[in-house]
Amino acid sequence: FDMFVLAFVERLFRPTFKKDDFVLGKKLGEGAFGVVYRVSMADNPKRDGELVVKRATEYGAVEIWMNERVRRACANSCADFVYGFLEGSSKKGGEYWLVWRFEGEATLSDLMQSKDFPYNVETMILGEVQNLPKGLERENKIIQTIMRQILFALDGLHSTGIVHRDIKPQNIIFSEGSRTFKIIDLGAAADLRVGINYIPKEFLLDPRYAAPEQYIMSTQTPSAPSAPVATALSPVLWQMNLPDRFDIYSAGLIFLQMVFPSLRSDSALIQFNRQLKRCDYDLVAWRKTVEPRASPDLRKGFQLLDLDNGIGWELLTSMVRYKARQRLSAKAALAHPYFDREGLLALSFIQ
Ligand code: ADP
Ligand code: MG
């Protein structure tokens with residue numbers, strides 16, 4: 001009851017908006033289900049560019065629902081959601097409008113395109129840094145920080161009962177305000193604990209980053225309805241199916257791409273996926289096939305993962321696995337010694 005009152009009061013005092021309040025500016029993105037614009041306020045030029053708006057199709061209803069939930073349960077995980085509303089009637093092809101604070105210019109994908117990655121991210125996330133020589137240790141520290149932030153955000157979502165299902169560098173934005181990476185685009189997300197779930201039509205999943213299971217909760221999910229459907233899925237089902245591990249696999253692929261520059265392009269990632277499938281999704285087997293004739297670039301990636309007794313490689317292979325239940329949860333990944341120098345020392349003593 002308290003939660004309900006709080007939510008109500010919070011909603012009451014939050015600014016509400018309608019279509020005419022916004023002047024659409026630069027187009028930032030265009031997906032199959034919506035278009036995102038940077039906007040200014042019609043009556044307040046001081047707020048130019050502070051917000052972004054997504055004009056979405058019927059799937060926008062789910063996305064608004066997910067964003068409202070995230071706002072209350074794990075606000076730091078995702079872009080700061082401001083407001084969502086239906087413009088027009090849902091029956092007559094109305095649009096859902098979603099409003100967020102503008103977090104920053106760059107997604108992780110934009111940043112990874114740079115030849116200088118990950119150094120181009122260094123001061124953004126670590127603040128002013130001493131000018132150490134470029135090298136494996138320094139690169140490792142930056143990638144480690146990015147991975148920690150991604151896993152932290154994922155842990156927030158998963159603890160709330162939300163599986164994102166479209167984790168990829170394009171959906172991870174650098175928030176200039178908080179100097180951290182945050183998740184965006186909850187358009188394909190599922191909330192399994194409360195039971196808002198609509199479904200994994202195959203085309204909703206990005207095959208480049210999708211885990212092999214493709215369908216999570218496959219037996220419970222009906223074909224895509226035009227509005228959210230409530231199905232009663234218990235925490236027990238969550239435990240049985242471990243749907244959160246779908247996102248972990250995708251995050252593992254991001255880790256891989258950060259480490260290996262030659263796997264950053266779409267075509268290279270697609271080729272990697274084919275190779276991995278041929279190895280029955282066994283990264284160790286994949287490594288054996290590529291390492292003997294590895295390019296200097298690939299070799300450098302393995303060196304990076306092999307630092308500190310191969311703790312990075314250990315983490316990567318604990319995320320990118322065929323069986324969902326063998327993958328680490330986000331929380332377990334955060335506790336992995338890869339993120340903890342003292343843990344590392346302990347590990348080297350054990351070995
Ligand atoms: P879709 O992938 O469905 O087009 P996204 O929600 O991923 O929609 O947003 C598309 C693009 O818009 C993102 O890649 C990002 O560049 C930009 N964007 C989205 N939300 C924000 C935000 N809160 N702040 C800044 N840029 C954003
Ligand atoms: Mg997107």
Side-chain angles (χ1 to χ4, degrees), residues 14-15 17 22 24-41 47-71 74-85 95-114 120-121 124 146 149-150 153-154 156-157 162-190 198 200-201 203-210 224 246-247 250-251 253-254 257 264 266 269:
R14 222 185 320 150
F17 294 103
F22 303 104
L24 302 184
K26 188 179 172 217
K27 195 192 276 187
L28 300 177
E30 177 157 17
F33 307 101
V35 185
V36 178
Y37 303 87
R38 196 159 178 184
V39 299
S40 45
M41 307 300 293
R47 300 194 61 188
D48 276 3
E50 262 181 44
L51 302 174
V52 301
V53 159
K54 182 186 267 188
R55 298 170 65 175
T57 62
E58 69 262 32
Y59 292 101
V62 177
E63 199 173 348
I64 290 175
W65 201 91
M66 295 294 162
N67 275 281
E68 287 284 353
R69 199 150 147 59
V70 163
R71 238 187 98 80
C74 54
N76 297 328
S77 289
C78 297
D80 194 0
F81 186 61
V82 176
Y83 192 66
F85 57 94
E95 285 178 332
Y96 288 93
W97 284 49
L98 292 89
V99 186
W100 293 269
R101 208 155 291 290
F102 176 80
E103 295 280 357
E105 300 281 348
T107 63
L108 181 57
S109 171
D110 300 326
L111 294 163
M112 280 168 63
Q113 311 272 311
S114 162
N120 59 337
V121 180
M124 296 167 70
I146 301 171
Q149 294 181 354
I150 293 173
L154 271 182
L157 280 183
I162 296 174
V163 187
H164 187 281
R165 297 198 299 200
D166 199 14
I167 291 297
K168 56 185 176 185
Q170 292 82 351
N171 285 339
I172 295 180
I173 190 121
F174 183 73
S175 168
E176 290 166 9
S178 67
R179 283 173 168 266
T180 57
F181 285 95
K182 292 182 175 181
I183 292 168
I184 56 172
D185 202 353
L186 295 164
Y198 78 107
K201 263 205 165 178
F203 68 86
L204 281 176
L205 302 175
D206 188 322
R208 293 168 303 174
Y209 293 89
F246 188 88
D247 291 343
S250 309
L253 291 189
I254 297 177
Q257 286 189 301
R264 284 179 203 157
D266 281 351
L269 182 59

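Values below: all heavy atoms of this structure, side chains included; hydrogens, waters and symmetry mates excluded. We count ligands from 1, going down the list as the structure has it; atoms in each ligand are counted the same way. Please read all numbers here as calculations on a predicted model, not as lab measurements.
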Within a distance under 4.0 Å of any heavy atom of [X], pick out the atoms of ligand 1 and give their elements.
X	value
N171	7 (O)
G31	4 (O)
R101	22 (C), 23 (N), 24 (N)
E30	4 (O)
G104	25 (C), 26 (N)
Q170	14 (O)
T107	14 (O), 15 (C), 16 (O)
A79	23 (N)

- Query: Which residue, I173, I184, T180, forms the side chain to side chain contact (heavy atoms under 4.5 Å, CB included) with E103?
  - Reply: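 Exactly one candidate clears the test, I173.
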- Counting heavy atoms only, which of I173, L98, L186 is nearest atom 27 (C) of ligand 1?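 Looking at heavy atoms only, the winner is I173.
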Would [X] count as a contact residue for ligand 1, given that I'm defining contact as a non-hydrogen atom of the residue lying under 4.0 Å from a ligand atom?
X	value
F102	yes
E105	no
G187	no

Is any side-chain heavy atom of [X] less than 4.5 Å from a side-chain heavy atom of [Y]?
X	Y	result
N171	H164	yes
L108	F181	yes
L51	M41	yes
Y209	I254	yes
N76	K182	no

- Among residues two or more places apart or on two chains, list those pairs meeting side chain to side chain donor-acceptor pair (under 3.5 Å) that have a residue in residues 25-39.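 Checked against side chain to side chain donor-acceptor pair (under 3.5 Å) - neighbours excluded - the pairs reaching residues 25-39 are K27-E30, R38-E105.
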If you have a sec, work out which protein heavy atom is nearest [atom] and how many Å separate them, to one decimal?
atom	answer
atom 11 (C) of ligand 1	L28 O, 3.8 Å
atom 9 (O) of ligand 1	V36 CG2, 3.5 Å
atom 21 (C) of ligand 1	V52 CG2, 3.8 Å
atom 19 (C) of ligand 1	I184 CD1, 3.8 Å

Between [X] and ligand 1, which residue portion shows a heavy-atom distance shorter than 4.0 Å: side chain, backbone, both, or neither?
X	value
D185	both
D110	neither
K54	side chain

Looking only at heavy atoms, what is the nearest atom pair of [X] and [Y], with distance?
X	Y	result
S114	N120	CB-ND2, 3.3 Å
Q149	R179	NE2-O, 3.8 Å
F246	R165	CE2-O, 3.7 Å
S77	G156	OG-CA, 3.5 Å
S250	I167	CB-O, 3.4 Å

- Does the pair D185/K168 count as a salt bridge with the N-to-O cut at 4.0 Å?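 Here D185 does not pair with K168 in a salt bridge, since their nearest N and O are not under 4.0 Å apart.
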- When only distance counts, is E103 in polar contact with ligand 1, meaning an N/O pair under 3.5 Å? yes
- Query: N/O of G29 under 3.5 Å from N/O of ligand 1, yes or no?
  - Reply: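 Min N/O separation from ligand 1 is not below 3.5 Å for G29.
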- Message: No waters, cut-off 2.8 Å: how many protein N, O or S atoms are close to the Mg ion (ligand 2)?
- Response: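 Considering protein N, O and S only, the Mg ion (ligand 2) has 2 within range.
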- Message: Applying the ring pair (Phe, Tyr, Trp, His ring centres under 6.0 Å) criterion to Y59, which one of W65, Y96, F33 satisfies it?
- Response: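 With Y59 as partner, ring pair (Phe, Tyr, Trp, His ring centres under 6.0 Å) holds for just one option, F33.
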- Query: Relative to each other, are the rings of W97 and F85 parallel, tilted or perpendicular (30° and 60° limits)?
  - Reply: parallel
- Query: Is it true that the side chains of D110 and T107 contain a donor and an acceptor less than 3.5 Å apart?
  - Reply: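 Distance-only check passes for D110 and T107.
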